[in-house]
Amino acid sequence: MTLQPDVVVIGAGAAGLMCALTAGYAGRRVLVLDHANKAGRKILMSGGGRCNFTNLASGPANFFSDNPRFCISALKRYRPEHFVELVERHGVEYVEKAPGQLFCADSARALLGVLLTECDWAGVEIRLKTSVDRIERLGEGMRLETSAGRIDTGAVVVATGGLSIPTMGASGFGYDVARQFALAVTETRPALVPFTLTSRWKERSAELAGVACDVRVRALRDGEPRGDYREPMLFTHRGLSGPGMLQISSHWQPGDELAIDLLPGVPAFEALAAARRETPRRQLSSWLAERLPKRLAQALIEWHGGDGVLAERSNAELSRWAERLNDWRLKPAGTEGWRTAEVTLGGVDTRAVSSKTFAVNDLPQLRFIGEVLDVTGELGGHNFQWAWASGVACGNAL
Ligand code: FDA
């Protein structure tokens, strides 16, 4: 770019690229800077390499924030169908893997290709391997000192994402910029992240690594439930993962218990008592194996004291089994942390930012979009929908 850019977007991720192409089409000269050597690395690694790029049912109720109404305006103005229209226009095939959750049929590369092509068409310049060392206000504009020299511009959009997966270029840079300009940053913690377990449960989970089952899970703090999901759970070598566990991790805090129902929708005591009445010679293990993965059913029998025919089980025993099945309580040691978390809970406090333009109140030449803000989605395509919606809202207002 030979001319001074009207807008510098810091971060060539989902939100930054979307904002850049929107502002580019609106006639702005846009320069995107990223310190990584590739644009959109999280897009490429997301959804197992196929990117769950939106959720048709995405709405404000799918987001966590200290300021829950902030996300409403942008999500209303740029909806999942708008992004689907863009994807279809580029002929990218997609599939609905779970209700509402849209993934690329082949590879996330196709989706990143859409964004880079659109940026190109909109005249956006993207400079990779460029770090920003300093930002300061310059009258009505901003001045950046970067590894590629000084850049003066009309506006800076901070789209540097959250802290998860530091090896992919994540940094706390956006939070530092916010603090520099006297904005508050709410407490950040890893979310959509697997749980780790302590010694005995860790060993047991490791034995079952790879086994998955449908569960209902809640987090309990002082006995009070937080979050409630019915989705699969996966045993791993370190602990528990799978969509159900990732979802509940956004509600969980150290010290909280998990209450896991291994037979969601089946009142285990009543079901066991009926089986004892109707098929008294049936082994407990065979009853369990019909309802749970075989390896888990076997492990439960080993952990809790052997098999036997249902007729020989007292009501007290059935009731203990029902509790293990419908209300298995365990306290995770922690989570796998930033290394594997999909997102960051918390971030730049949105109370100092316009929900229409994403400009900082009293400093319109500075804007924040995407995951760097204190807006975090549930699992299932909501986080990308936020990146698109906040990027478009900001890009249109530049
Ligand atoms: P994003 O992190 O995408 O981009 C930030 C950019 O800023 C990066 O390119 C980074 O290099 C750059 N940057 C950071 N610091 C910088 C600095 N100091 N200077 C210059 N550049 C800097 N969501 C979803 O909806 N569906 C899914 O399937 C998944 N799957 C998934 C899997 C995994 C493994 C992860 C880690 C995450 C997901 N997510 C997801 C979450 C989703 O990837 C995330 O919410 C969005 O990428 C956030 O978009 P942003 O543009 O805000 O940040």
Side-chain angles (χ1 to χ4, degrees), residues 8-20 31-55 58 62-64 80 83 94 97-98 100-104 108 111-112 115 126-135 144-148 156-177 190-194 241 243 246 250 336-345 347-348 358 368-391 394:
V8 173
V9 177
I10 309 177
L17 294 175
M18 199 65 181
C19 174
L31 172 64
V32 180
L33 303 178
D34 202 299
H35 62 178
N37 59 2
K38 241 191 212 158
R41 288 178 82 179
K42 274 196 188 159
I43 296 174
L44 294 177
M45 76 183 305
S46 66
R50 288 169 64 195
C51 187
N52 178 193
F53 57 80
T54 194
N55 189 310
S58 202
N62 300 109
F63 292 86
F64 307 98
F83 195 75
Y94 59 88
K97 272 191 30 181
Q101 298 181 15
L102 304 189
F103 287 72
C104 296
L111 193 82
L112 180 57
L115 296 171
I126 300 173
R127 265 187 228 159
L128 301 171
K129 293 194 241 172
T130 307
S131 60
V132 179
D133 304 320
R134 239 155 66 95
I135 299 187
L144 305 180
E145 302 291 347
T146 79
S147 55
V156 167
V157 179
V158 179
T160 47
L163 292 167
S164 60
I165 328 256
T167 50
M168 287 284 126
S171 77
F173 177 83
Y175 310 132
D176 295 340
V177 174
L192 300 184
V193 61
S241 185
L246 299 187
S250 299
E336 291 187 8
W338 298 115
R339 196 177 57 79
T340 62
E342 289 198 7
V343 288
T344 300
L345 270 179
V348 177
F358 291 78
F368 290 85
I369 56 170
E371 199 185 313
V372 71
L373 287 166
D374 171 27
V375 177
T376 310
E378 292 183 308
L379 189 77
H382 304 288
N383 284 294
F384 278 127
Q385 187 55 35
W386 172 245
W388 317 136
S390 59
C394 177

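Atoms within each ligand, like the ligands themselves, are counted from 1 in listed order.
The shortest N/O to N/O separation between Asp34 and ligand 1 falls below 3.5 Å. Inclusion of His35 in the set of residues having an N or O under 3.5 Å from an N or O of ligand 1 is warranted. Among the atoms of Gly47, some N or O lies under 3.5 angstrom from an N or O of ligand 1. Of the N or O atoms in Lys38, none lie within a sub-3.5 Å distance of an N or O in ligand 1. The shortest N/O to N/O separation between Ser171 and ligand 1 falls below 3.5 Å. The shortest N or O to N or O distance between Ala15 and ligand 1 is below 3.5 Å.
Close contacts between ligand 1 and Gly370 involve ligand atoms 52 (O) [criterion: under 4.0 Å to a heavy atom]. Counting the atoms of ligand 1 from 1 in the order shown, those under 4.0 Å from a heavy atom of Ile165 are 36 (C). Ligand 1 places these atoms under 4.0 Å from at least one heavy atom of Ala159: 5 (C), 6 (C), 7 (O). Each of the atoms 11 (O) of ligand 1 lies under 4.0 Å from some heavy atom of Ala36. Of all the atoms in ligand 1, the ones that sit under 4.0 Å from a non-hydrogen atom of Glu371 are 44 (C), 45 (O), 46 (C), 48 (C), 52 (O). Shown in contact with Asn383 at under 4.0 Å from a heavy atom are these atoms of ligand 1, numbered in order with element: 23 (N), 25 (O), 45 (O).
Of all the heavy atoms of Ile43, none lies under 4.0 Å from any atom of ligand 1, so neither backbone nor side chain is involved.
Of the listed residues (Ala39, Ser46, Gly16), the one carrying the non-hydrogen atom nearest atom 30 (N) of ligand 1 is Ser46. Comparing Gly391, Gly13, Ala14 against atom 49 (O) of ligand 1, the shortest heavy-atom distance belongs to Ala14. Comparing Trp386, Phe384, Phe368, Phe173 by heavy-atom distance to atom 18 (N) of ligand 1, the nearest is Phe173.
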Hey, can you pull the donor-acceptor pairs under 3.5 Å for the side chains in residues 36-44, sequence neighbours left out?
residue, atom, partner, partner atom, Å
Lys42, NZ, Ser164, O, 3.0
Lys42, NZ, Ser164, OG, 3.3

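Nearest protein heavy-atom neighbour of atom 38 (C) of ligand 1: Glu342 OE1, 3.7 Å. Atom 26 (N) of ligand 1 has Asn52 O, 2.9 Å as its closest protein atom, hydrogens excluded (heavy atom only). Among protein heavy atoms, the minimum distance from atom 34 (C) of ligand 1 is reached at Met45 CE, 3.9 Å. Of all protein heavy atoms, the one lying nearest to atom 7 (O) of ligand 1 is Gly11 CA, 3.3 Å. Considering only non-hydrogen protein atoms, atom 53 (O) of ligand 1 sits nearest to Gly161 CA, 3.3 Å. At the shortest separation from atom 14 (C) of ligand 1 among protein heavy atoms lies Gly169 O, 3.3 Å.
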Could you check Thr340 against Val193 for side chain to side chain contact (heavy atoms under 4.5 Å, CB included), going step by step and ending with a plain yes or no?
CA-CA 6 Å; Thr340 62; Val193 61; 3.8 Å; yes

Before giving the answer on side chain to side chain contact (heavy atoms under 4.5 Å, CB included), spell out for Ile369 and Val157 the whole-Å C-alpha distance, their side-chain angles and the decisive distance to 0.1 Å.
CA-CA 7 Å; Ile369 56 170; Val157 179; 3.7 Å; yes

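Contact annotation: Ser131 has no heavy atom less than 4.0 Å from any atom of ligand 1.
In this structure a side-chain-to-backbone donor-acceptor pair under 3.5 Å is missing from Thr54 to Gln385. A side-chain donor-acceptor contact under 3.5 Å links Trp388 to the backbone of Phe53. Judged purely by atom type and a 3.5 angstrom limit, Thr344 uses its side chain to pair as donor or acceptor with the backbone of Leu163. Side chain of Thr130 to main chain of Leu33: no donor-acceptor pair is present (N/O by atom type, distance under 3.5 Å, no hydrogens or angles). Put simply, the side chain of Arg50 gets close to the backbone of Cys104: a donor and an acceptor are under 3.5 Å apart.
Counting only heavy atoms from C-beta outward, the side chains of Val8 and Leu144 approach each other to under 4.5 Å. Looking at Glu371 and Trp386, their side chains never come closer than 4.5 Å, going by heavy atoms from C-beta outward. The side-chain heavy atoms of Ser171 and His35, taken from C-beta on, include a pair separated by under 4.5 Å. When side chains are defined from C-beta on, Asn55 does not count as touching Asn52, because their heavy atoms never get closer than 4.5 Å.
Applying the salt bridge (charged side-chain N to carboxylate O under 4.0 Å, His left out) rule to Glu378 yields no partners; only residues at least two apart in sequence or on another chain are considered.
A distance of 4.0 Å separates OG of Ser58 from CZ of Phe63, quoted to the nearest 0.5 Å.
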